[in-house]
There are 2 protein chains.
Amino acid sequence: MKLTSKGRYAVTAMIDIALNQNNGPITLSLISERQGISLSYLEQLFAKLKKADLVSSARGPGGGYRLSRSADEISISQIIHAVDEIIDAQKCGGKVNCQAGEKCLSHELWRDLSALMDSFLKGISLQSLLDKEHGSAKEMKEIKFG
Amino acid sequence: MKLTSKGRYAVTAMIDIALNQNNGPITLSLISERQGISLSYLEQLFAKLKKADLVSSARGPGGGYRLSRSADEISISQIIHAVDEIIDAQKCGGKVNCQAGEKCLSHELWRDLSALMDSFLKGISLQSLLDKEHGSAKEMKEIKFG
DNA sequence: CAATACTTGAGTAATTTACATGGTTATTGT
DNA sequence: ACAATAACCATGTAAATTACTCAAGTATTG
């Protein structure tokens, strides 16, 4: 779980598409203008978003990107994970015996927290963000430690 | 709201202290050895953690750091915020009129998400992490959009 | 007074971020 | 067929951030 401005750019772009895709596919040029993100950077991001099957593309005039699924089937977690690489929680492997040590305990606890945060973001869909009406309490009831 | 490996280091270090501070203050050298973080980097992080009043320090032999409050009064949110600077959600100010535009709408939605995420991490205390028994459902009931 | 350990600061290699540039391929309308 | 469009692809890079080294200073203990 990692959360940087890169993830913000991705989520922002996905929001832009979700809001405008009624009239057909959205070009990256349009998103670039509207959101103030460089075209080149958007290309990088959308290569990953496509690889993660969150958007589909159409070439040529009238082409662009659209969501590959309905907005309530796309979670914020998926978007973040598509573009932001994961924080390596264990560099334990190596000389140090890190099976029962203090080190691994802390790492384990961090991994728990990371999983918890991910579950949280899995419960928030792109659509619910747009609607501003995702009752988080309802969705959160399922989240527990493994 | 920002979340990088820097935040992970901070949380890990705080966990280390919480687990060991019974016998008195914990030195950064110890944390450095146990967690595999460089002393110099820990010094940077703990300067901020102290500034945020999450730890208190004692100099000289037998000195070190301890939590400035009980572990269940320190939230993960506080730790993260102490070391990780906030993502600038609005670069809208400038030439573009960004009061009602698409741009500001996306930014507003991101800010909502950010706030939601923060509320979530506010509900998780250092202690509950250690206990692995923070029923998130109970805590989450309060979280709603503004 | 010597050892400890926090405090402070300057400097730096490595990585990541965000962008620029210059192409190529596929699709559309004329 | 032929432009125009827009996704795709690759390389390069300035700026920022990360995580660290090194070197001093200051407060506390025994």
Side-chain angles (χ1 to χ4, degrees), chain A residues 2-13 17 20-21 23-68 80 82-88 91, chain B residues 2-13 17 20-21 23-68 80 82-88 91:
Chain A
K2 192 177 166 185
L3 189 59
T4 68
S5 56
K6 195 174 179 177
R8 179 171 70 83
Y9 283 127
V11 171
T12 303
I17 294 183
N20 294 291
Q21 68 175 351
N23 315 346
I26 309 295
T27 68
L28 294 189
S29 307
L30 261 178
I31 300 180
S32 174
E33 282 176 30
R34 280 200 289 248
Q35 304 301 334
I37 312 171
S38 80
L39 182 58
S40 157
Y41 197 40
L42 282 173
E43 284 172 350
Q44 282 182 38
L45 296 177
F46 273 78
K48 294 184 177 184
L49 290 173
K50 192 185 176 183
K51 205 171 182 178
D53 195 34
L54 297 176
V55 295
S56 59
S57 62
R59 285 184 166 187
Y65 287 94
R66 64 179 75 214
L67 303 184
S68 63
I80 303 276
V83 299
D84 268 329
E85 272 74 55
I86 304 164
I87 296 180
D88 47 334
K91 289 178 184 169
Chain B
K2 190 177 166 185
L3 187 60
T4 68
S5 56
K6 196 174 179 178
R8 179 171 71 86
Y9 282 128
V11 171
T12 303
I17 294 183
N20 295 291
Q21 69 175 352
N23 316 347
I26 309 296
T27 67
L28 293 189
S29 308
L30 261 178
I31 301 180
S32 174
E33 282 177 29
R34 280 199 291 246
Q35 305 300 334
I37 311 170
S38 81
L39 181 60
S40 152
Y41 198 40
L42 282 174
E43 284 169 350
Q44 283 182 37
L45 296 177
F46 273 79
K48 295 185 177 184
L49 290 173
K50 192 186 176 182
K51 204 170 182 178
D53 195 35
L54 297 177
V55 296
S56 58
S57 61
R59 286 182 165 187
Y65 288 95
R66 65 180 74 215
L67 304 184
S68 63
I80 303 276
V83 299
D84 267 330
E85 272 75 54
I86 304 163
I87 295 179
D88 46 334
K91 290 179 183 168

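Letters go in sequence order (proteins before strands), and every chain restarts at 1. Note that the structure is a prediction, hence the values are computed from the model and not measured.
With hydrogens and angles ignored, the 3.5 Å screen pairs a side-chain donor or acceptor of B:Ser32 with a backbone N or O of B:Ile37. No donor-acceptor pair closer than 3.5 Å links the side chain of A:Gln35 to the backbone N or O of A:Thr12.
A:Glu85 has a carboxylate O that lies under 4.0 Å from a charged side-chain N of A:Lys48, or vice versa, which qualifies the two as a salt bridge.
The distance between atom CG of A:Leu45 and atom P of D:dC9, rounded to the nearest whole Å, is 15 Å. Nucleotide D:dT18 holds its C1' atom 10 Å from the NZ atom of A:Lys2, rounded to whole Å. Residue B:Leu42 contributes atom CG, which lies 15 Å from atom P of D:dT18 at whole-angstrom precision. Rounded to whole Å, atom P of D:dT18 lies 13 Å from atom CG of A:Asp84. At whole-Å resolution of the value, NZ in A:Lys48 and C1' in D:dA7 are 18 Å apart. Atom OH in A:Tyr41 sits roughly 18 Å away from atom C1' in D:dC8 (whole-Å rounding). Remark: C1' of C:dT17 and CD of A:Glu85 are 12 Å apart, rounded to the nearest angstrom. Look at CZ on A:Arg8: it is 12 Å from C1' on C:dT17, rounded to the nearest Å.
A donor atom on one side chain and an acceptor atom on the other are found under 3.5 Å apart for A:Lys50 and A:Ser57.
Note on ring orientation: taking the six-membered ring where Trp is involved, the planes of A:Tyr9 and A:Tyr41 are perpendicular (angle over 60°, cut-offs 30° and 60°).
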Under a 4.0 Å heavy-atom criterion, the protein footprint on nucleotides 5-15 of chain C, written with B, S and -, is SBBB-------
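Set against C:dA18, C:dT17, D:dA19, the side chain of A:Thr4 has C:dT17 as its closest nucleotide.
Side-chain contact between A:Arg34 and A:Ile26 is present, with at least one heavy-atom pair separated by less than 4.5 Å.
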